[in-house]
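Just follow the structure's listing: the first ligand is 1, and inside any ligand the first atom is 1.
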Amino acid sequence: MSDQQEFDLIVIGAGSGGVRLARMSAEKGARVAVVESRYLGGTCVNVGCVPKKLFVYGSHAGEDIEDAEGYGWSLPKEQVRFDWARLVANKNAEIERLNGIYRRMLENAGVTIIEGNATLADAGTVVVGDQHYSTGHITVATGSWPVIPDVPGKEYILSSNEMFYLPQLPRQAVVWGGGYIAVEFAGILAGLGVETTLLYRGDLFLRGFDGDIRRFMAEEMQKRGVNLRFNASIESVENVDTGYHVQVSDGSRIVTGLVMAATGRRALVDGLGLESLGIDMTESGHISTDRHFQTSVPAITAIGDVIGTSQLTPVALGQGTVLSRRLFGDGQGEMDYNSIPTAVFCQPNIGTVGLTEEEARKAGHRLRIYRSEFKPMKHTLSGRDERALMKLVVDDRSDRVLGAHMVGPDAGEITQGLAIAIKAGATKAQFDSTVGIHPTSAEEFVTMREPVSPPS
Ligand code: NDP
């Protein structure tokens with residue numbers, strides 16, 4: 001064992017939340033170390049948001065080339081080629097650049113980066129390899145990891161982690177799941193010309209999103225050639241010479257070149273030694289914390305995916321900021337989880353903020369629903385059969401806009417601004433008195449005048 005080191009804070013995990021907390025705390029004068037066993041930047045930078053979005057751009061570029069035809073450009077089909085290896089290499093170079101930025105950001109703030117697997121020896125000691133580091137406070141920010149259900153042939157099923165480094169694209173793929181990752185990857189693969197089947201165990205995918213958005217998205221994905229099969233799950237996967245045989249719960253069998261599961265993510269707490277410290281866990285396997293991120297052990301806090309709040313980078317960033325203030329700032333502030341906007345980068349995108357119609361009804365609101373469905377202007381000349389949907393959920397009594405939902409190009413970009421209005425408590429009258437930006441799709445949000453039916 002070597003010399004003990006003294007820190008005020010050791011953060012375990014250099015993902016979005018951990019890096020934010022470490023950097024802000026060091027900037028406030030705290031002596032901070034961050035322990036990371038894999039890559040700087042966590043899931044978001046390495047195998048999540050960032051490379052996913054780059055793949056979505058790559059996938060959509062094929063459509064853009066086709067759409068240009070209606071605008072006078074010609075590119076003979078036989079000359080259009082896609083090189084998967086180049087996309088992956090360029091993506092990897094960008095991720096490396098970001099890893100470097102994260103390293104410099106931490107080092108410039110004075111944070112010590114410790115590479116390796118951390119174990120919590122006690123509430124004030126972290127062990128990495130044969131080194132013991134003592135600290136006033138520990139924060140666990142280790143994130144989450146994909147879960148693949150236990151089925152025969154599970155070893156042949158890839159998770160999103162491996163999809164980012166796939167050596168080559170298959171001709172056909174099966175994507176298992178019906179959440180964010182499944183629809184995003186089904187879109188990426190289909191856009192790149194892979195014959196894609198999505199299997200979801202329930203009646204309709206994207207559980208938790210507004211019902212109109214879910215139905216509309218299913219239609220749009222089918223138009224793009226994704227074979228959607230609901231009430232269907234994988235029972236087993238067999239490796240054969242030509243690829244994989246997937247046994248589906250409805251009795252059918254699919255022959256495919258790749259099987260990917262996007263069936264949720266679990267808290268990543270392996271090897272931390274949380275049990276021996278007596279840290280309480282939730283039923284879902286996340287670290288149990290109070291609203292100040294305090295675990296059941298004093299001097300140990302936890303933030304990010306590992307505590308089971310929304311698994312979203314901006315949520316982890318917000319938690320890191322709030323916790324840093326609590327530990328080394330004025331001690332004030334709480335994370336506000338109301339009206340968290342989110343986007344799903346399927347094609348077209350989904351953007352959503354606030355209550356869905358179903359949630360608002362369940363909460364007892366009498367509602368006015370405004371809905372607009374149209375062909376985005378771009379496709380008048382491109383000829384593409386793509387439509388957009390926008391929807392406002394309005395409380396009839398107060399006139400407050402409770403939720404805004406959209407399927408369409410740039411839905412994520414559009415929803416961010418709407419989120420400010422909804423968080424500020426904007427009324428439908430205020431939406432109506434806002435001047436639109438013409439011609440955009442977004443202006444529909446301020447020009448929907450008639451509810452789809454009388455208030456109910
Ligand atoms: P989700 O929890 O969103 O979806 C999991 C899906 O798998 C659901 O459709 C679920 O079905 C299904 N499923 C779960 N267990 C099984 C099982 N045993 N057999 C068959 N199907 C199963 O997880 P993801 O993996 O898609 O993503 C994890 C999280 O990462 C997201 O919730 C999100 O917070 C975050 N994320 C955010 C993104 C963004 O902001 N754009 C992008 C990607 C991820 P059911 O609905 O019936 O439970």
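At a heavy-atom distance under 4.0 Å, only side-chain atoms of Leu312, from C-beta outward, approach ligand 1. In Tyr200, the part holding a heavy atom less than 4.0 Å from any atom of ligand 1 is the side chain. When non-hydrogen atoms are compared, ligand 1 lies under 4.0 Å from the side chain of Arg201 (C-beta onward) but not from its backbone.
Among the candidates Phe205, Phe209, Phe185, the single residue satisfying the ring-ring contact (aromatic ring centres under 6.0 Å, His included) test with Tyr180 is Phe209.
Atom 35 (C) of ligand 1 has as its closest protein heavy atom Gln311 O, 3.1 Å. Summary of contacts: the protein heavy atom closest to atom 31 (C) of ligand 1 is Tyr180 CD1, 3.6 Å. The single protein non-hydrogen atom nearest to atom 44 (C) of ligand 1 is Ile181 CG1, 3.5 Å, given as residue, atom name and distance. The nearest heavy-atom contact from the protein to atom 7 (O) of ligand 1 is Thr263 CA, 3.2 Å. In terms of protein heavy-atom proximity, atom 42 (C) of ligand 1 is closest to Glu184 OE1, 3.2 Å.
Cation-pi contact between Lys91 and Tyr165: present, with separation from the ring centre below 6.0 Å and deviation from the ring axis of at most 45°. Cation-pi contact between Lys428 and Tyr370: present, with separation from the ring centre below 6.0 Å and deviation from the ring axis of at most 45°.
In terms of polar-atom proximity, Gly177 is not counted as a contact of ligand 1, lacking any N or O under 3.5 Å from an N or O of the ligand. Among the atoms of Arg265, none of the N or O lies under 3.5 angstrom from an N or O of ligand 1. At a 3.5 angstrom cut-off on N or O pairs, Ser310 does not count as close to ligand 1. For a threshold of 3.5 Å applied to N or O pairs, the pair formed by Gly179 and ligand 1 contains at least one separation below that value.
Neither side chain, Arg229 nor Thr197, offers a donor N or O lying under 3.5 Å from an acceptor on the other. Checking Arg368 against Ser453 by side-chain atom types alone, no donor-acceptor pair falls below 3.5 Å. Counted by atom type alone, Arg201 and Ser233 present zero donor-acceptor pairs between their side chains at under 3.5 Å. Of the N and O atoms on the side chains of Asn161 and Asn46, not one donor lies less than 3.5 Å from an acceptor on the other residue. Counted by atom type alone, Ser37 and Glu115 present zero donor-acceptor pairs between their side chains at under 3.5 Å.
Using modelled atom types, no side-chain atom of Ser59 and backbone atom of Phe55 make a donor-acceptor pair closer than 3.5 Å.
For atom 18 (N) of ligand 1, the choice among Ser144, Cys44, Gly178, Pro149 with the nearest heavy atom turns out to be Pro149.
For Gly264, the closest heavy-atom approach to ligand 1 falls below 4.0 Å.
Taking a cut-off of under 4.0 Å to the non-hydrogen atoms of Lys52, the atoms of ligand 1 that pass are 41 (N), 42 (C). Atoms of ligand 1 found under 4.0 Å from any heavy atom of Trp176, numbered from 1 in the order shown, are 19 (N), 20 (C). Below 4.0 Å from some heavy atom of Ala343 lie the following atoms of ligand 1, by number and element: 39 (C), 40 (O), 41 (N). For ligand 1, the atoms closer than 4.0 angstrom to any heavy atom of Ala262 are 5 (C), 6 (C), 7 (O), 25 (O).
Tyr200 and Phe230 have perpendicular rings, their planes meeting at more than 60° on a 0 to 90° scale where under 30° would count as parallel.
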Walk me through it: do Tyr102 and Val45 pass the test side chain to side chain contact (heavy atoms under 4.5 Å, CB included)? CA-CA 10 Å; Tyr102 270 71; Val45 167; 3.7 Å; yes
